[in-house]
Amino acid sequence: DDTDCADEKKFTQVMGVTLMRLADAPVLPFDYTDFADTMRLYVNQLKELRKKTANAPAFDFAPLDAAVARLEQAANDYAKAYQEAVNSGSVFQKSPAELAALNEAIYSVDRKMDTPEGLSNGRYRGWYKNEIYAPGVYTGYGVKTLPAIRENMEQGNWAAAAQGEQVVAGVFKAMAEQIDAARAKL
(Lines give C-alpha, C1' and ligand atoms only; values in the text may rest on other atoms or scores of the structure.)
Protein backbone atom coordinates (compact mmCIF):
# COMPACT_ATOMS: atom_id res chain seq x y z
CA ASP A 1 0.00 0.00 0.00
CA ASP A 2 1.62 3.21 -1.19
CA THR A 3 -0.98 5.83 -0.30
CA ASP A 4 1.58 8.64 -0.04
CA CYS A 5 3.23 7.65 -3.38
CA ALA A 6 6.66 7.23 -1.76
CA ASP A 7 7.41 4.20 -3.92
CA GLU A 8 6.43 6.06 -7.07
CA LYS A 9 8.77 8.90 -6.11
CA LYS A 10 11.66 6.46 -5.57
CA PHE A 11 10.94 4.71 -8.85
CA THR A 12 10.87 8.03 -10.69
CA GLN A 13 14.18 9.06 -9.14
CA VAL A 14 15.85 5.77 -10.07
CA MET A 15 14.52 5.94 -13.61
CA GLY A 16 15.59 9.56 -13.97
CA VAL A 17 19.15 8.81 -12.87
CA THR A 18 19.25 5.73 -15.09
CA LEU A 19 18.08 7.65 -18.14
CA MET A 20 20.60 10.43 -17.52
CA ARG A 21 23.37 7.85 -17.09
CA LEU A 22 22.44 6.10 -20.33
CA ALA A 23 22.03 9.36 -22.24
CA ASP A 24 25.43 10.67 -21.14
CA ALA A 25 27.38 7.43 -21.54
CA PRO A 26 29.60 7.28 -24.63
CA VAL A 27 29.29 3.49 -24.39
CA LEU A 28 26.19 1.83 -23.02
CA PRO A 29 27.10 0.41 -19.59
CA PHE A 30 25.56 -3.03 -20.10
CA ASP A 31 26.87 -6.07 -18.27
CA TYR A 32 25.62 -9.46 -19.37
CA THR A 33 27.14 -11.58 -16.58
CA ASP A 34 24.12 -11.24 -14.28
CA PHE A 35 21.82 -12.16 -17.15
CA ALA A 36 23.88 -15.26 -17.96
CA ASP A 37 23.89 -16.27 -14.28
CA THR A 38 20.12 -15.85 -14.20
CA MET A 39 19.72 -18.04 -17.29
CA ARG A 40 21.80 -20.72 -15.54
CA LEU A 41 19.43 -20.44 -12.56
CA TYR A 42 16.41 -20.86 -14.84
CA VAL A 43 17.93 -23.96 -16.44
CA ASN A 44 18.61 -25.43 -13.01
CA GLN A 45 14.99 -24.71 -12.06
CA LEU A 46 13.87 -26.67 -15.12
CA LYS A 47 16.05 -29.58 -14.03
CA GLU A 48 14.43 -29.50 -10.60
CA LEU A 49 10.97 -29.35 -12.18
CA ARG A 50 11.78 -32.45 -14.20
CA LYS A 51 13.01 -34.27 -11.07
CA LYS A 52 9.87 -33.35 -9.12
CA THR A 53 7.49 -34.36 -11.90
CA ALA A 54 6.06 -37.82 -11.33
CA ASN A 55 6.62 -40.24 -14.22
CA ALA A 56 8.63 -37.69 -16.19
CA PRO A 57 10.57 -39.26 -19.03
CA ALA A 58 14.30 -38.76 -19.47
CA PHE A 59 15.11 -35.30 -20.74
CA ASP A 60 18.42 -34.32 -22.28
CA PHE A 61 19.48 -30.94 -20.94
CA ALA A 62 22.85 -31.08 -22.71
CA PRO A 63 21.93 -28.67 -25.56
CA LEU A 64 20.62 -26.12 -23.07
CA ASP A 65 23.59 -26.55 -20.73
CA ALA A 66 26.02 -26.06 -23.62
CA ALA A 67 24.19 -22.95 -24.83
CA VAL A 68 24.13 -21.41 -21.35
CA ALA A 69 27.84 -22.18 -20.91
CA ARG A 70 28.49 -20.40 -24.22
CA LEU A 71 26.41 -17.42 -23.06
CA GLU A 72 28.29 -17.31 -19.73
CA GLN A 73 31.64 -17.37 -21.52
CA ALA A 74 30.64 -14.59 -23.90
CA ALA A 75 29.32 -12.47 -21.02
CA ASN A 76 32.50 -12.95 -18.98
CA ASP A 77 34.74 -12.22 -21.97
CA TYR A 78 32.77 -9.06 -22.73
CA ALA A 79 32.92 -7.86 -19.10
CA LYS A 80 36.68 -8.35 -19.03
CA ALA A 81 37.21 -6.62 -22.38
CA TYR A 82 34.90 -3.75 -21.43
CA GLN A 83 36.76 -3.17 -18.17
CA GLU A 84 40.11 -3.26 -19.96
CA ALA A 85 38.86 -0.78 -22.58
CA VAL A 86 37.54 1.55 -19.89
CA ASN A 87 40.70 1.31 -17.78
CA SER A 88 42.98 1.97 -20.75
CA GLY A 89 40.72 4.73 -22.07
CA SER A 90 40.75 3.23 -25.56
CA VAL A 91 36.97 2.99 -25.71
CA PHE A 92 36.67 6.75 -25.15
CA GLN A 93 38.97 7.55 -28.06
CA LYS A 94 36.73 5.97 -30.68
CA SER A 95 35.15 8.03 -33.40
CA PRO A 96 31.44 8.85 -33.20
CA ALA A 97 30.78 6.28 -35.94
CA GLU A 98 32.71 3.59 -34.05
CA LEU A 99 30.84 4.40 -30.84
CA ALA A 100 27.51 4.27 -32.67
CA ALA A 101 28.38 0.84 -34.11
CA LEU A 102 29.52 -0.39 -30.69
CA ASN A 103 26.36 0.84 -28.97
CA GLU A 104 24.20 -0.71 -31.67
CA ALA A 105 25.95 -4.04 -31.14
CA ILE A 106 25.40 -3.72 -27.39
CA TYR A 107 21.69 -2.90 -27.47
CA SER A 108 21.06 -5.50 -30.17
CA VAL A 109 21.85 -8.32 -27.73
CA ASP A 110 18.41 -8.04 -26.12
CA ARG A 111 16.74 -8.32 -29.52
CA LYS A 112 18.15 -11.82 -29.85
CA MET A 113 15.71 -12.96 -27.13
CA ASP A 114 12.94 -12.79 -29.70
CA THR A 115 12.15 -15.29 -32.42
CA PRO A 116 10.11 -14.54 -35.55
CA GLU A 117 7.74 -17.44 -34.91
CA GLY A 118 7.24 -16.56 -31.23
CA LEU A 119 5.73 -18.97 -28.74
CA SER A 120 3.80 -20.83 -31.39
CA ASN A 121 4.56 -24.37 -30.29
CA GLY A 122 0.89 -25.32 -30.35
CA ARG A 123 0.03 -22.60 -27.87
CA TYR A 124 -1.64 -19.89 -30.00
CA ARG A 125 0.86 -17.26 -28.83
CA GLY A 126 2.90 -16.68 -31.94
CA TRP A 127 2.38 -12.97 -31.38
CA TYR A 128 4.57 -13.17 -28.24
CA LYS A 129 8.14 -13.21 -29.51
CA ASN A 130 10.31 -13.27 -26.36
CA GLU A 131 11.65 -16.76 -25.59
CA ILE A 132 13.03 -15.87 -22.14
CA TYR A 133 10.02 -14.36 -20.37
CA ALA A 134 6.33 -14.56 -21.18
CA PRO A 135 3.01 -14.29 -19.41
CA GLY A 136 1.88 -17.80 -18.57
CA VAL A 137 -0.94 -19.43 -20.49
CA TYR A 138 -2.71 -20.35 -17.25
CA THR A 139 -1.32 -17.68 -14.91
CA GLY A 140 -2.71 -14.54 -16.49
CA TYR A 141 0.09 -12.04 -16.37
CA GLY A 142 2.23 -14.15 -14.02
CA VAL A 143 5.60 -14.52 -15.71
CA LYS A 144 6.98 -17.82 -16.94
CA THR A 145 10.69 -18.14 -17.56
CA LEU A 146 11.89 -20.07 -20.61
CA PRO A 147 8.20 -20.67 -21.37
CA ALA A 148 8.67 -22.83 -24.46
CA ILE A 149 10.26 -25.41 -22.17
CA ARG A 150 8.69 -24.78 -18.76
CA GLU A 151 5.05 -24.65 -19.79
CA ASN A 152 5.35 -27.79 -21.89
CA MET A 153 7.05 -29.63 -19.03
CA GLU A 154 4.30 -28.52 -16.65
CA GLN A 155 1.68 -29.79 -19.09
CA GLY A 156 3.48 -33.10 -19.61
CA ASN A 157 4.20 -32.36 -23.26
CA TRP A 158 7.81 -33.52 -23.24
CA ALA A 159 8.22 -33.64 -27.01
CA ALA A 160 7.22 -29.98 -27.27
CA ALA A 161 9.52 -29.18 -24.33
CA ALA A 162 12.41 -30.75 -26.25
CA GLN A 163 11.51 -28.64 -29.29
CA GLY A 164 11.36 -25.58 -27.06
CA GLU A 165 14.77 -26.46 -25.69
CA GLN A 166 16.24 -26.31 -29.19
CA VAL A 167 14.69 -22.89 -29.75
CA VAL A 168 15.90 -21.50 -26.42
CA ALA A 169 19.38 -22.96 -26.92
CA GLY A 170 19.44 -21.19 -30.29
CA VAL A 171 18.43 -17.93 -28.62
CA PHE A 172 21.26 -18.27 -26.07
CA LYS A 173 23.75 -18.98 -28.84
CA ALA A 174 22.54 -15.99 -30.87
CA MET A 175 22.85 -13.75 -27.82
CA ALA A 176 26.38 -15.06 -27.17
CA GLU A 177 27.35 -14.34 -30.78
CA GLN A 178 25.97 -10.80 -30.51
CA ILE A 179 27.86 -10.23 -27.25
CA ASP A 180 31.01 -11.43 -28.99
CA ALA A 181 30.30 -8.98 -31.83
CA ALA A 182 30.00 -6.16 -29.31
CA ARG A 183 33.23 -7.22 -27.62
CA ALA A 184 35.02 -7.15 -30.99
CA LYS A 185 34.02 -3.48 -31.36
CA LEU A 186 35.51 -2.48 -28.00
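Nearest heavy atom pair, residue M113 against residue I132, reads CG-CG1, 3.7 Å. What you find for P63 and E165 is that their closest heavy atoms are CD-OE2, 3.7 Å. Between L119 and A134, the shortest heavy-atom contact is CD1-CB, 3.4 Å. The minimum heavy-atom distance between T33 and A75, with the atom names listed, is CG2-O, 3.6 Å. Looking at every heavy atom in both residues, V143 comes nearest to Y133 through CG2-CB, 4.0 Å. Taking all atoms of both residues into account, the shortest heavy-atom contact from A161 to M153 is CB-CG, 3.8 Å.
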Practice prompt. List the steps and the verdict of side-chain contact (heavy atoms from CB on, under 4.5 Å) for Y42 and V68.
Written response: CA-CA 10 Å; Y42 294 161; V68 170; over 6 Å; no
Item to complete: Begin from the C-alpha positions of L41 and T145 and carry the test side-chain contact (heavy atoms from CB on, under 4.5 Å) through to its verdict.
Response: CA-CA 10 Å; L41 172 72; T145 56; over 6 Å; no
Fill in: Steps toward side-chain contact (heavy atoms from CB on, under 4.5 Å) verdict (R150, L46)
CA-CA 7 Å; R150 181 180 305 276; L46 291 174; 3.7 Å; yes
Worksheet item: Can you check side-chain contact (heavy atoms from CB on, under 4.5 Å) on L49 and E154, steps first, answer last?
Response: CA-CA 8 Å; L49 175 61; E154 291 171 348; 3.9 Å; yes
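Using modelled atom types, no side-chain atom of K112 and backbone atom of A174 make a donor-acceptor pair closer than 3.5 Å. Under a 3.5 Å cut-off, the side chain of Q178 and the backbone N or O of A105 do form a donor-acceptor pair. Using a distance-only test at 3.5 Å, with no hydrogens or angles considered, a donor-acceptor pair links the side chain of K94 to the main chain of K185. Panel note: side chain R183, backbone A79; no donor-acceptor pair is recorded below 3.5 Å.
Taking 4.0 Å as the cut-off between side-chain N and carboxylate O, R70 and D180 count as a salt-bridged pair.
For the atom pair T115 OG1 and Y128 OH, the distance stands at 11.5 Å (nearest 0.5 Å). Taken from CD in E151 to CG in L146, the straight-line distance is 11.0 Å, to the nearest 0.5 Å. Distance CZ/F59 to CD1/I149: 6.0 Å, rounded to 0.5 Å. With rounding to the nearest 0.5 Å, the separation of CE in M175 from CE in M39 is 7.5 Å. Distance check: W158 CH2 to T53 OG1 gives 4.5 Å after rounding to the nearest 0.5 Å. A distance of 5.0 Å separates CG of D65 from CZ of R40, quoted to the nearest 0.5 Å.
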Which atom pairs, donor and acceptor, lie under 3.5 Å between side-chain atoms of residues 8-22 and protein residues at least two apart or in another chain?
from : atom 1 : to  : atom 2 : distance (Å)
T12  : OG1    : E8  : O      : 2.8
T18  : OG1    : V14 : O      : 2.8

For residues 96-103, which side-chain donor-acceptor pairs fall under 3.5 Å, sequence neighbours excluded?
from : atom 1 : to  : atom 2 : distance (Å)
E98  : OE1    : S95 : N      : 2.8
E98  : OE1    : S95 : OG     : 3.3
N103 : OD1    : L28 : N      : 2.8
N103 : ND2    : P26 : O      : 2.9
N103 : ND2    : L99 : O      : 3.3

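In the hydrophobic clustering of this structure, V167 does not group with F172; members are Ile, Leu, Val, Met, Phe, Trp, Tyr whose side-chain heavy atoms approach within less than 4.5 Å, directly or through other members.
For the pairing with Y82, the side chain to side chain contact (heavy atoms under 4.5 Å, CB included) check across N87, V91, L186, I106 returns one residue only, L186.
Within the 4.5 Å cutoff, side-chain heavy atoms of I179 are placed close to those of L71.
Open room surrounds NZ on K80; 12 or fewer heavy atoms of other groups in view lie less than 6.0 Å from it.
Checking Q73 against D77 by side-chain atom types alone, a donor-acceptor pair falls below 3.5 Å.
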